[in-house]
Amino acid sequence: MTYKETLIPLETAQSYVLERITKANPIAINIRDALGLTLAQDVTSPENIPPFRNTASDGYALRSTDTLGASKDSPVSLEVVATIAAGDNIDPQLGSMQSARIMTGAPIPADADSVIMVEDTSPDPEVEGNVLVYKEVRPGDSVREAGSDVEEGQVVLLAGTKITPAAIGVLASLGYKKVPVFPRAKVAVISTGSELTESAEPLRRAMIRDSNRPALLSAITGSGFEAYDLGIVPDDKEALETAFKEAASNYDAIVTSGGVSVGDFDLTKQVLKDLSGGEMRWMQVAIKPAKPFAFGLIEGTPLFGLPGNPVSALVSFELFARPAILKMMGSPQPFRPLLKATLVDEIRRNRDGKVHFLRASYHSVDGELRVSIKAGQMSHMLSQMASSNCLLVVPEGEIFEAGERLPIIPLEQAG
Ligand SMILES: Nc1nc2c(c(=O)[nH]1)N[C@H]1C(S)=C(S)[C@@H](COP(=O)(O)OP(=O)(O)OC[C@H]3O[C@@H](n4cnc5c(N)ncnc54)[C@H](O)[C@@H]3O)O[C@H]1N2
Ligand code: MOO
């Protein structure tokens, strides 16, 4: 047996995975549950927003021609014939030199072409019930026309749009209760390894606590997917087979950690090979960390076999599982946008044919992003990742000077 490895470029590995992911069937979902999901169809507006002509300011609705020549020193006096609050369905007639007191959002009388803000008026001390106007207004001042935001029949949200709080607001304003989206993926998480426990008791030698499962479950929730905890499965072929089969029939995707390297008990990849009918790929990706990775479909359900080392598992999730599951959920842009940041210190690395994803922190100084790496970069050093907010992408090379700019992948942080 030979272990000579061929490293696959990251992009090739990512394409291999993404090509095998199909979008889920759309469903109609309550708009309040739709945040972060991708719209499956265009949404057309059945009505105008605003639905009627209304005022953008508290003030007086009037005919603009009545204010010609008005100034601080020479105000014009208008009779106030009505008061219109938001929600009042009235349309008082306004004759020449007449106005209506009006509140923001209230319908503008048909006879008025503009509204003067209350700050540019005062009660007329000489004529009870009149208002002094200190400024000329132009037709349309403070007027919000019907349909000025959205016109009836207009496509207001395109298929493929990620649903934001603003999109939910638009849907609510149009009276939609449900919206067609790609559903949130149900993602099962399994930790593999006979050395794992979740007990709080003192550890016996050779055992460690399972950190990957809680970390991956929260990465899944944080990505907007539904996370399901399927526990720890020991390095046992039958137990793994049973767990993977059950997960494949009940969930949309499976994320495992461990068992994808070359150890005698690295069984994940073997079991995946059997269950996928050979339609799987075990790869050595040209990246560090997260070099080993297995991917296959078990009866159509993708299984992401992430490496066991805790940092590697999270980086592998970020680079493979997250974009693939986002694609399943209809996202047209499943990769996080890369930013560029300036190195605070020199970085040295070895030439090994891999792109390195270093755990790092970035912050903004006078509008420029600066990035510095953490001290511990081995793939078991999860504590260093815990205080990072990005991955610094370091290409093949040896020395990168302070002041050079390199890409970073910002990672979501709590709070
Ligand atoms: N001879 C070689 N050995 C290794 C290679 C290699 O190329 N040749 N690659 C190394 C790299 S890189 C990685 S990454 C790991 C991946 O190994 P596996 O995916 O098979 O994972 P395990 O062997 O099961 O575990 C690795 C490491 O991580 C710990 N672990 C596993 N699961 C958890 C968990 N749920 N919570 C916390 N820690 C976990 C486990 O105890 C091991 O220490 O292989 C290298 N070896
Ligand atoms: O590539 Mo392994 O994923 O560094 O530790």
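As the structure lists them, so they are numbered: ligands from 1, and atoms in each ligand from 1.
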Which atoms of ligand 1 sit under 4.0 Å from any heavy atom of Lys291?
-> 6 (C), 7 (O), 9 (N)
Min N/O separation Leu306 to ligand 1 under 3.5 Å = no
Among the heavy atoms of Pro310, does any lie under 4.0 Å from an atom of ligand 1?
-> yes
Is ligand 1 under 4.0 Å from a heavy atom in the side chain of Val262, in the backbone, in both, or in neither?
-> side chain
If you have a sec, work out which protein heavy atom is nearest atom 3 (O) of ligand 2 and how many Å separate them, to one decimal?
-> Ala290 N, 2.5 Å
Candidates Pro289, Pro307, Ala313; heavy atom nearest atom 4 (O) of ligand 2 found on Pro289
Which ligand 1 atoms are under 4.0 Å away from a heavy-atom of Ile208?
-> 37 (C), 38 (N), 39 (C), 41 (O)
Ser211 neighbourhood, listing ligand 1 atoms whose heavy-atom distance to it stays under 4.0 Å | 36 (N), 37 (C)
So the atoms of ligand 1 within less than 4.0 Å of a heavy atom of Gly259 turn out to be 18 (P), 19 (O), 20 (O), 21 (O), 22 (P), 24 (O)
State the atoms of ligand 1, each with its element, that fall below the 4.0 Å cut-off from a heavy-atom position in Asp210.
-> 34 (C), 35 (N), 36 (N)
Can a non-hydrogen atom of Ser379 be found less than 4.0 Å from any atom of ligand 1?
-> no
Look at Arg144 together with Asp149 and state whether they make a salt bridge at an N to O cut-off of under 4.0 Å.
-> no
For the pair Glu279 and Lys273, find out whether any cationic side-chain nitrogen is under 4.0 Å from an anionic carboxylate oxygen.
-> no
Short N or O distance, Val260 and ligand 1, threshold 3.5 Å exclusive | yes
Among all protein heavy atoms, pick the one closest to atom 5 (O) of ligand 2 and tell me residue, atom and distance.
-> Ser379 OG, 2.3 Å
Atoms of ligand 1 under 4.0 Å from any heavy atom of Asp266, numbered from 1 in the order shown, are 20 (O), 23 (O)
Kindly indicate whether a cation-pi arrangement holds for Arg184 with Phe225, taking the cut-offs as under 6.0 Å to the six-membered ring centre and within 45° of the axis.
-> no
Just let me know how Leu196 lines up against ligand 1, side chain, backbone, both or neither, with a heavy-atom cut-off below 4.0 Å.
-> side chain
Just checking, Lys186 and Tyr251: is the charged tip under 6.0 Å from the six-membered ring centre and within 45° of the axis?
-> no
Going by an N to O cut-off under 4.0 Å, is there a salt bridge joining Glu398 and Arg351?
-> yes
Polar contact flag for Asn309 and ligand 2 (N/O pairs, less than 3.5 Å) | yes
Shortest protein contact, atom 2 (Mo) of ligand 2 (heavy atom only) = Ser312 OG, 3.5 Å
Tell me which part of Arg209 gets within contact of ligand 1: side chain, backbone, both or neither, using heavy atoms under 4.0 Å.
-> backbone
Salt bridge present between Glu396 and Arg349 (N-O < 4.0 angstrom) | yes
Using distance alone, determine whether Gln284 and ligand 1 share an N or O pair under 3.5 Å.
-> no
Side chain proximity check, Val260 to Asp266, heavy atoms < 4.5 angstrom | no
Per-atom filter on ligand 2: closer than 4.0 angstrom to a heavy atom of Lys291 are 1 (O), 3 (O)
Do NZ/NE/NH1/NH2 and the carboxylate oxygens of Lys245 and Glu299 come within less than 4.0 Å?
-> no
Among Asn212, Ile190, Thr197, Thr256, which residue places a heavy atom closest to atom 32 (N) of ligand 1?
-> Asn212
Polar side-chain atom of Asn30 near backbone of Arg32 as donor-acceptor pair, under 3.5 Å | yes
When you measure from atom 3 (N) of ligand 1 to each heavy atom in Ser261, Pro214, Ser191, which option holds the nearest one?
-> Ser261
With the side chain counted from C-beta on, respond yes when Ile116 and Lys135 share a heavy-atom pair under 4.5 Å apart, and no when they do not.
-> yes
Going from OG on Ser64 to CD on Glu136, what distance comes out if it is rounded to the nearest 0.5 angstrom?
-> 9.5 Å
Which of the ligand 1 atoms, numbered from 1, are nearer than 4.0 Å to a heavy atom of Glu195 | 31 (C), 40 (C), 41 (O)
Can you tell which of Trp282, Phe317, Phe320 makes a ring pair (Phe, Tyr, Trp, His ring centres under 6.0 Å) with Phe293?
-> Phe320
First locate atom OG of Ser173, then atom CD1 of Ile49, and finally report the distance between them rounded to the nearest 0.5 Å.
-> 3.0 Å
Going through the checks in order, is the side chain to side chain donor-acceptor pair (under 3.5 Å) test met by Glu151 and Ser45?
-> CA-CA 7 Å; Glu151 281 183 24; Ser45 172; over 6 Å; no
